[in-house]
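The structure appears below as structure tokens.
A note on names: the letters A, B, ... follow the listed sequences, proteins ahead of strands, and every chain is numbered from 1.
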There are 2 protein chains.
Amino acid sequence: MPKAPASKRALKAPPPPSRRSPCPVACALDLFGDRWTLLVIRDLMLGRSRFKDFVSSPEGIPTNILSDRLERLLEGGIVCQIPATDGGKRMAYELTEKGEALRPILKSMRDWGLSWEAGTKVLLQPV
Amino acid sequence: MPKAPASKRALKAPPPPSRRSPCPVACALDLFGDRWTLLVIRDLMLGRSRFKDFVSSPEGIPTNILSDRLERLLEGGIVCQIPATDGGKRMAYELTEKGEALRPILKSMRDWGLSWEAGTKVLLQPV
DNA sequence: TAATTTACTTGCAAATAGCAAGTGATTCGT
DNA sequence: ACGAATCACTTGCTATTTGCAAGTAAATTA
């Protein structure tokens, strides 16, 4: 088996009920308002599901950050773990219904970037 | 006049063309992938336009962070400055067309939060 | 014109990010 | 079945960023 999930000491996850406000946007940003989380979710939406897949995305997320973000996404109910399809003992990550519901956000971000940021283009293809 | 805009030393803005990848999502996150920027944009979309308005939003953004974020948004072409409507000498911030184009992102984030995060509710009303 | 408000800056401690180098299971190749 | 490679992480360390509290100076108000 792989090692136990990310320890609490490595990169601290904030105690869950410390919302800055009841605003739905603020609350969403408490969950994924950082430079990396939505890129992992992007990868999941394109069918990537394994730790190594996220690591090998073009942005090069550091592995300790990835561990922390996956842990937060699990705690937030946005992803879950399932047995990998290769029949082995390793696990894969998958979006929950709550995570799938983020798709319009990612789509509108992609559209905005393509429209307003010169030189951007879709490079990752669905699996 | 108020003091000159935020200095470069206070909180460093990254050299513009250091994109992590040409992905439109990654590029968008380079501009507003943090806990505060989209809250300022939310306020702007609701008609707030002055420094003090952003400071008095319920999340309580620290003023040094706000200065830094406004500076980045100006550099990124997402906001601009215009004379405040009160006829005085002070300036107000306003979304550019590029900034206005972020509206679908904010809307989908609000909808997601309202649907999936218990206890969230719209609290800020348009001016 | 004195007091208040606005729009910031500065200094500092604490938290977070990110790099490089492990570590120990699992899987692959032969 | 055994060694080598891969996978999914953790650890240690430094650099950067955050966020609080306390200024500061111009603009506005009384």
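Between the side chain of B/Ser67 and the base of C/dT9, no donor-acceptor pair under 3.5 Å is found.
Spacing between atom CZ of B/Arg48 and atom P of C/dT6 amounts to 15 Å, rounded to whole angstrom units. Following rounding to the nearest Å, A/Glu59 (CD) and C/dA17 (P) show an atom-to-atom distance of 16 Å. Between the CG atom of A/Leu66 and the P atom of D/dC9 there is a distance of 8 Å, given to the nearest Å. One interatomic measurement links the two molecules: CZ of A/Phe54 to P of D/dA8, which rounds to 9 Å at whole-angstrom precision. The CG-P distance, from A/Asp30 to C/dA15, rounds to 17 Å in whole Å. Nucleotide C/dC8 holds its C1' atom 10 Å from the CZ atom of B/Arg90, rounded to whole Å. Atoms CZ (B/Arg72) and P (C/dC8) sit 16 Å apart, rounded to a whole Å. If you measure from atom CG of A/Asp34 to atom C1' of D/dT18, you get 14 Å, rounded to the nearest angstrom.
A close approach under 4.0 Å does occur between a side-chain nitrogen or oxygen of A/Arg35 and OP1 or OP2 of C/dG18. For the pair B/Tyr93 and C/dC8, the criterion of a side-chain N or O lying under 4.0 Å from OP1 or OP2 is met. Look at B/Arg50 and you'll find a side-chain N or O under 4.0 angstrom from OP1 or OP2 of C/dA7.
The side chain of B/Thr63 sits closest to C/dT9 out of C/dA21, C/dT9, C/dT5. Among D/dG19, C/dA17, D/dT28, the nucleotide with an atom closest to any side-chain atom of A/Arg69 is C/dA17. Distances from the side chain of B/Lys89 to the nucleotides C/dG18, D/dC7, D/dT28 place D/dT28 closest. Of the candidates C/dA17, C/dT6, D/dG19, C/dA17 carries the atom nearest the A/Ile65 side chain, counting heavy atoms from C-beta on. Side-chain proximity of A/Lys52 to the nucleotides C/dG18, D/dC7, C/dT6 is greatest for D/dC7. Checked against C/dT10, C/dG18, C/dT6, the side chain of B/Asn64 finds its nearest nucleotide in C/dT10.
A/Asp43 has no carboxylate O lying under 4.0 Å from a charged side-chain N of A/Arg50, or vice versa, which leaves the two without a salt bridge. The pair B/Asp30-B/Arg19 fails the salt-bridge criterion, with no side-chain N (NZ, NE, NH1 or NH2) lying under 4.0 Å from an Asp/Glu carboxylate O.
Between A/Tyr93 and A/Phe54, the two ring planes are tilted [angle within 30° to 60°].
Pairs passing the side chain to side chain donor-acceptor pair (under 3.5 Å) check and including a residue from residues 95-104 of chain B, sequence neighbours excluded, read A/Glu117-B/Lys98, B/Glu100-B/Arg103.
Between A/Trp112 and B/Ala101, the shortest heavy-atom contact is CD1-O, 3.4 Å. Closest non-hydrogen pair, A/Thr120 versus A/Gly113, comes out as OG1-O, 3.0 Å.
Mapped onto DNA chain C by nearest heavy atom, A/Gly87 and A/Trp36 fall at different nucleotides, with A/Trp36 at the one closer to the 5' end. Nearer to the 5' terminus of DNA chain C, by closest-nucleotide assignment, is the contact made by B/Phe51 (compared with the other of B/Phe51 and A/Gly60).
Grouping the Ile, Leu, Val, Met, Phe, Trp and Tyr side chains by contacts below 4.5 angstrom, directly or via other members, places A/Leu124 apart from A/Phe51.
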Taking N or O atoms only and anything under 3.5 Å, show me the protein contacts with nucleotides 1-4 of chain C, one pair per line.
none

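With B/Leu106 as the partner, the side-chain contact (heavy atoms from CB on, under 4.5 Å) test is satisfied by one option alone out of B/Leu44, B/Leu46, B/Leu38: B/Leu38.
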